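Step one of this worksheet: look at the structure below.
Here the structure is a predicted model, which is why all the values come from computation and not from measurement.
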Amino acid sequence: MPIPQLNLSLGLTDNDGSVFYAGSGEGKVIVRTDSALHQHTISIIISEQQVGTVNLKTHFEGAEVPAEIEIPTYQMIVTDDKTNEKEEYKVTRDTYFFKQQTKKKGLWSFLGLKFLAPKNFLFENIPFEPLKEEVETFDISKHRKLSHEELTYSFQKEEQNIQIFAGDINTLKVEKGTSYFVIVDEKKGHRFIGDILYREKFLKLTPKVKLHIIKRKQVSKAMETNKQGRADRLIYI
């Protein structure tokens with residue numbers, strides 16, 4: 001359990017019985033005193049603002065299923081209450097699992113030649129999303145796991161498993177029943193990992209880590225992709 005950092009302040013006295021009394025009723029700066037106990041906090045804010053896309057492996061053994069699918073990324077901000085320095089990252093908010101293969105409706109289907117129709121692939125989305133509040137906050141300080149190449153925060157909300165992953169996205173193997181927030185940066189997650197470790201070292205004591213997830217206005221229930229893994233249709237009902 002981390003020891004909180006002392007918040008030190010300067011004190012004055014006009015008590016003539018004090019060894020620090022300056023005389024003539026004048027106060028004098030005497031000593032630093034412990035006015036409060038303060039532990040710093042790192043904040044990770046996952047926004048609803050879409051900022052790009054990333055290709056993630058599907059990890060499905062079916063030969064015709066796309067090897068990768070295109071997933072939207074969202075803005076993520078990391079800051080702390082001591083330096084107030086802000087760094088921006090991209091993070092995924094959707095976790096798609098292959099469900100079934102479909103046929104794209106079109107001219108071939110209309111002519112009864114469904115075997116010639118292009119194949120589509122249906123992926124079910126299992127995201128984590130705040131249900132009631134516009135912003136949901138979690139203290140994830142105790143849920144960190146750091147290895148040589150990866151940093152994860154794994155925790156639960158009721159019966160739903162949630163993981164924040166930073167590392168080489170090509171090594172991530174998703175497990176059904178877990179919703180993933182995959183951090184995407186130009187150095188295979190190492191920029192984010194270095195950022196967190198730098199802040200922890202600078203703050204000297206192990207800080208709290210608060211995760212803030214902003215609710216999106218629309219969340220897809222499923223996605224249909226083409227053979228190349230690009231989204232053809234998002235399903236919201």
Side-chain angles (χ1 to χ4, degrees), residues 46-76 88-129 145 147 149-154 160-193 213-237:
I46 296 178
S47 81
E48 81 287 15
Q49 181 180 344
Q50 187 174 335
V51 291
T53 60
V54 65
N55 290 333
L56 293 183
K57 287 186 176 181
T58 57
H59 297 287
F60 189 81
E61 296 179 358
E64 295 190 29
V65 175
E68 296 181 335
I69 56 174
E70 187 178 61
I71 295 177
T73 57
Y74 294 80
Q75 181 193 52
M76 185 180 80
E88 291 190 11
Y89 300 88
K90 297 178 181 180
V91 64
T92 68
R93 296 191 57 162
D94 300 291
T95 307
Y96 290 101
F97 295 93
F98 176 72
K99 187 173 183 179
Q100 64 185 38
Q101 183 176 299
T102 61
K103 293 285 187 179
K104 188 174 182 179
K105 294 181 179 180
L107 177 62
W108 296 116
S109 298
F110 179 76
L111 295 175
L113 302 173
K114 291 184 178 181
F115 65 95
L116 294 177
K119 294 176 181 178
N120 270 20
F121 304 89
L122 182 66
F123 291 85
E124 180 185 11
N125 189 15
I126 305 179
F128 174 80
E129 201 74 25
K145 183 179 179 181
S147 67
E149 299 289 340
E150 297 177 0
L151 172 62
T152 62
Y153 293 94
S154 301
Q160 189 167 6
N161 296 318
I162 305 162
Q163 184 179 117
I164 299 173
F165 174 88
D168 186 349
I169 60 176
N170 293 314
T171 66
L172 174 64
K173 294 183 179 181
V174 298
E175 297 180 3
K176 198 156 189 178
T178 299
S179 297
Y180 292 86
F181 294 87
V182 180
I183 297 166
V184 180
D185 69 38
E186 64 281 4
K187 295 184 179 180
K188 296 183 178 180
H190 289 181
R191 185 166 73 89
F192 173 80
I193 296 171
I213 303 175
I214 300 175
K215 186 176 182 178
R216 290 179 289 180
K217 293 181 179 179
Q218 281 191 314
V219 182
S220 64
K221 183 179 179 181
M223 174 176 66
E224 277 188 348
T225 77
N226 59 19
K227 191 174 182 179
Q228 289 71 40
R230 289 190 292 271
D232 271 353
R233 183 166 70 104
L234 293 176
I235 301 168
Y236 293 96
I237 301 175

**Message:** Working note: Arg93 + Ile213, criterion side-chain contact (heavy atoms from CB on, under 4.5 Å); need CA distance, chi angles, decisive distance, verdict.
**Reply:** CA-CA 10 Å; Arg93 296 191 57 162; Ile213 303 175; 3.4 Å; yes
Closest approach of [X] to [Y] (non-hydrogen atoms, all atoms of both residues):
X	Y	answer
Gly189	Ala166	O-CB, 4.2 Å
Arg216	Tyr74	NH1-OH, 3.1 Å
Tyr96	Met223	CE2-CB, 3.6 Å
Ile214	Glu129	O-OE2, 4.1 Å
Thr171	Asp168	OG1-O, 2.7 Å
Tyr236	Gln218	CE2-CB, 4.0 Å

Which pairs would a plain distance check flag for residues 46-58, meaning a side-chain donor or acceptor within less than 3.5 Å of a matching protein atom at least two apart in sequence or in another chain?
from, atom 1, to, atom 2, distance (Å)
Ser47, OG, Gln49, N, 3.1
Ser47, OG, Gln75, O, 3.0
Thr58, OG1, Pro66, O, 2.8
Thr58, OG1, Ala67, O, 3.4

Donor-acceptor contact below 3.5 Å, side chain [X] vs main chain [Y]:
X	Y	value
Asn125	Asp94	no
Ser179	Ile162	no
Gln163	Thr152	no

List in chain and number order the residues that pass ring pair (Phe, Tyr, Trp, His ring centres under 6.0 Å) with [X], two or more places apart in sequence or in another chain; answer none if no residue qualifies.
X	result
Phe192	Tyr89
Phe165	none
Phe121	none
Phe98	Phe60, Phe123

**Message:** So, using side-chain contact (heavy atoms from CB on, under 4.5 Å) as the criterion, who are the partners of Asn226 when residues are at least two apart?
**Reply:**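 Partners of Asn226 by the side-chain contact (heavy atoms from CB on, under 4.5 Å) criterion, ordered by chain and then number, come out as Gln228, Arg230, Asp232.
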**Item:** Approximate separation, where rounding is to 0.5 Å, of Lys188 NZ and Asn170 CG
**Value:**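 Going from the NZ atom of Lys188 to the CG atom of Asn170 covers 7.0 Å.
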**Prompt:** Less than 4.5 Å apart, any side-chain heavy atom of Phe128 and any of Phe181?
**Reply:**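 They are in contact (side-chain heavy atoms under 4.5 Å apart), so the answer is yes.
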**Request:** May I ask you to check whether over 12 heavy atoms, not counting those of Lys99, lie within 6.0 Å of atom NZ?
**Result:**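 Open.
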